[in-house]
There are 2 protein chains.
Amino acid sequence: MIISDNLKMYVQKLRSSNLRPTKQRLKICKFLFDREKTFHFTVETLNKKINKNGATKISLATIYNTVEAFTIAGYLKEILTSKNKSYYDTNIKSHHHFYDEGSKELTDIHSNQIKLSKVPVPPKGKKIKNLEVIIRIQK
Amino acid sequence: MIISDNLKMYVQKLRSSNLRPTKQRLKICKFLFDREKTFHFTVETLNKKINKNGATKISLATIYNTVEAFTIAGYLKEILTSKNKSYYDTNIKSHHHFYDEGSKELTDIHSNQIKLSKVPVPPKGKKIKNLEVIIRIQK
DNA sequence: TATCTAGTTTATAATAATTCTAAACTAGAA
DNA sequence: TTCTAGTTTAGAATTATTATAAACTAGATA
Ligand SMILES: [Mn+2]
Ligand SMILES: [Mn+2]
Ligand SMILES: [Zn+2]
Ligand SMILES: [Zn+2]
């Protein structure tokens, strides 16, 4: 049984997105969202961390399904910055990233740390869905 | 035999990067660089276009090898913007992109069309290798 | 020009991330 | 308690990419 102050909140959140609050989803919610700071991860790392301890394992397929469902529901943001591998971000506010080519880790850049004083108009008939700055860094 | 005003230039270019000017590489050079405008492509699309006509086929492995070699040599830039698939860009100058989520196509944004009046300092000991803005657009 | 060899191309196999499939399970409405 | 649509799961399938190793070739040298 999962115990968390936020359990009820997660149950509601899931229900409001037409997602049944299953053991697996709640465990993943707790793991992802019971934290102060932004969490950036790949499915591989999430799978390892979720299934680290002796606890009942959540299958890899469910990890994939859940991450996709949470992304569609808007609980997670997908970050495409690395070859052949998707990253996900618990910070769903509009913001930017450093991507360290060595450690392959993302770090948040708050929106107010970058100022765009000029932005181009999108092509005719197209709307801006999202604008992201990625700053690749290295030693 | 490939005939092109730029052939000699490509031969030199390749030699200067310690790449032998083979038939295949020259054909790919001609296809990629004998054009006015930036060309954005995936290995899949390049393979289709290069091998469209009845001409002698270049193997997919060679397309992959060549794109990688050209990227390392600095003739191409890799753009990571789409899930599970790399894009490449014949425009190697520092610039930005629109990415159309519908058509999955990239469009250049010249550096001077975006003005960054505030950019964060990279973490200690790290240097900025590259800064790119991606604007995702939709109908 | 003929010979030689490191670099290259190629078909194919292997890998890695992800998606699909279908059977077993379960949340929760009735 | 029963029922069913939604969910989980193991494993197969798919897709993009990378590795392997044999055949080929650019071009240096004899
Ligand atoms: Mn993939
Ligand atoms: Mn891949
Ligand atoms: Zn973030
Ligand atoms: Zn471009």
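What you see is a predicted model, and the numbers here were worked out from it, not measured in a lab.
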Open item on the list: Could you tell me if B:N84 and A:N84 have a donor-acceptor pair between their side chains, going purely by distance under 3.5 Å?
Closed with: no

- [ ] Measure the distance from CG on B:L80 to P on D:dT17 and round it to the nearest whole Å.
- [x] 10 Å

Open item on the list: Both A:K57 and B:V43 contact DNA chain D. Taking the nearest nucleotide for each, which residue is further toward the 5' end?
Closed with: A:K57

Task: Residue list, ring-ring contact (aromatic ring centres under 6.0 Å, His included) with B:F33, at least two apart or on another chain - done: none

Task: B:T66 side-chain N/O to B:T62 backbone N/O, donor-acceptor pair under 3.5 Å - done: yes

- [ ] List the steps and the verdict of side chain to side chain donor-acceptor pair (under 3.5 Å) for B:Y99 and A:N130.
- [x] CA-CA 10 Å; B:Y99 179 69; A:N130 158 281; over 6 Å; no

Open item on the list: Any carboxylate oxygen within less than 4.0 angstrom of a Lys/Arg side-chain nitrogen, looking at B:E132 and A:R136?
Closed with: no

Task: Whether B:H95 and B:H40 hold their rings parallel, tilted or perpendicular, with breakpoints at 30° and 60° - done: tilted

Open item on the list: I need the NZ-P distance between A:K85 and C:dT15, as an integer number of Å.
Closed with: 16 Å

- [ ] Heavy atoms under 4.0 Å is the rule here; annotate nucleotides 19-30 of chain C 5' to 3' with B where the base is hit, S where only the sugar-phosphate is, and - elsewhere.
- [x] B-------BS--

- [ ] Could you tell me how the ring of A:Y75 sits relative to the ring of A:F70: parallel (under 30°), tilted (30 to 60°) or perpendicular (over 60°)?
- [x] tilted

Task: Whole-Å distance separating the CD1 atom of A:I50 from the P atom of D:dT8 - done: 12 Å

Open item on the list: Check this one for me: any side-chain N or O of B:S59 less than 4.0 Å away from OP1 or OP2 of C:dT9?
Closed with: no

Task: A:T66 side-chain proximity, nearest of D:dT17, C:dT18, D:dT8 - done: D:dT8

- [ ] Describe the nucleic acid contact of A:T42 in one word from base, sugar-phosphate, nothing, applying a heavy-atom distance below 4.0 Å.
- [x] nothing

Open item on the list: Report for the helix from C:dT1-D:dA30 to C:dA30-D:dT1: angle between first-end and last-end helix axes, five pairs each, rounded to 10 degrees.
Closed with: 20°

TODO: Using atom CD of A:Q24 as one end and atom P of D:dG6 as the other, report the distance to the nearest whole Å.
DONE: 17 Å

Task: Whole angstrom value for the distance that separates C1' of C:dT9 from CD1 of B:I28 - done: 11 Å

Open item on the list: Has A:D100 got a side-chain atom pairing as donor or acceptor with A:L106's backbone, closer than 3.5 angstrom?
Closed with: no

Task: Rounded interatomic separation in angstrom, taking CD1 from B:I63 and P from D:dT17 - done: 13 Å

Open item on the list: Using a 3.5 Å distance criterion without hydrogens, assess whether the side chain of A:S111 forms a donor-acceptor pair with backbone atoms of A:S94.
Closed with: yes

TODO: Compare side-chain N and O positions of A:R25 against OP1 and OP2 of D:dT8 and report whether any pair is under 4.0 Å apart.
DONE: yes

TODO: Send over the distance from A:Y87 OH to C:dT18 C1', rounded to a whole Å.
DONE: 16 Å

